[in-house]
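Report on one structure; see the data block that follows.
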Amino acid sequence: MLGWSTDAEYRARFNREADLASTLWHPAGKRRSGKTRHGNRWLTSALGTAAMAAARTKDTTYLGARYQRLAHRLGKKKALVAVQHSILIAVWHMLANDVDYTDLGADYFARLDPDLAMRRIVRQANALGFTVRFDPIQAA
């Protein structure tokens, strides 16, 4: 297994090399800086390219759906950094656990909370002046 381990030392070195530690860290309600630090420029460049490619897969992959959800709220550049961070976390888990990548799918967020997705659809239809009624599909 390529010398990977779940030890804190290996994880710290991995994070130091990537240094995309941009998180929303608000201890005790105080805002901290969300700026990324200068890490390995080649890794950061590769992650940026991968995040841009993932952002173009709008309706087919989990990362594309994540970008679309975040870009609307945070803006395109911050959403790209968040997708880079998601890719980095996925790579860490793939290397540490020696597993293949499994995409969660573009509908992951709708499957996560179906009631929320239905409320959103009803709210959007009502805003357009329509009334919506959902009937469950009969099992065949």
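Computed from a predicted structure; not experimentally measured.
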- Item | Side chain to side chain, Lys78 and Leu70, heavy atoms closer than 4.5 Å | no
- Task: Would you mind reporting whether Leu80 and Lys76 have side-chain heavy atoms less than 4.5 Å apart?
- Result: no
- Message: Given 3.5 Å as the limit, does a donor-acceptor pair link the side chain of Thr61 with the main chain of Gly64, or not?
- Response: yes
- For Asp100, does the CG atom sit with more than 12 other heavy atoms under 6.0 Å from it, leaving out its own atoms? no
- Message: For the CZ atom on Arg56, are there more than 12 heavy atoms of other groups (residues, nucleotides or ligands in this structure) within a distance under 6.0 Å?
- Response: no
- Arg133 and Asp135: CA distance, side-chain angles, deciding distance, side-chain contact (heavy atoms from CB on, under 4.5 Å) verdict: CA-CA 7 Å; Arg133 185 182 81 212; Asp135 295 325; 3.0 Å; yes
- Query: Of the non-hydrogen atoms in Val99 and His93, which two are nearest, and what is the gap between them?
  - Reply: CG2-O, 4.1 Å
- Heavy-atom count around Ile137 CD1 within 6.0 Å, excluding the residue itself: above 12? no
- Message: When you group the ILVMFWY residues by side-chain heavy-atom contacts below 4.5 Å and let the links chain together, are Leu116 and Ile121 in the same group?
- Response: no
- How close do Ser86 and Arg66 get, heavy atom to heavy atom, and via which atoms? OG-NE, 2.8 Å
- Query: Rounded to the nearest 0.5 Å, how far does CZ of Arg120 lie from CG of Asp115?
  - Reply: 12.0 Å
- Can you tell which of Asp103, Val83, Asp107 makes a side-chain contact (heavy atoms from CB on, under 4.5 Å) with Tyr62? Asp103
- When every non-hydrogen atom of Gln84 is compared with those of Ala51, the smallest separation belongs to CG-CB, 3.6 Å
- Task: Indicate the atoms forming the closest heavy-atom contact of Ile87 with Leu47, along with that distance.
- Result: CG2-CD2, 3.6 Å
- Task: Establish whether Tyr101 and Tyr67 are linked, either directly or via other cluster members, by ILVMFWY side-chain heavy-atom contacts under 4.5 Å.
- Result: yes
- Message: Membership question, hydrophobic clusters at under 4.5 Å side-chain separation (ILVMFWY): are Val122 and Phe109 in the same one?
- Response: no
- Message: Check this for me: Phe130, atom CZ, are more than 12 non-hydrogen atoms of other residues, nucleotides or ligands nearer than 6.0 Å?
- Response: no
- Task: Looking only at non-hydrogen atoms, find the nearest pair between Ala65 and Ala106 and report the distance.
- Result: CB-O, 3.6 Å
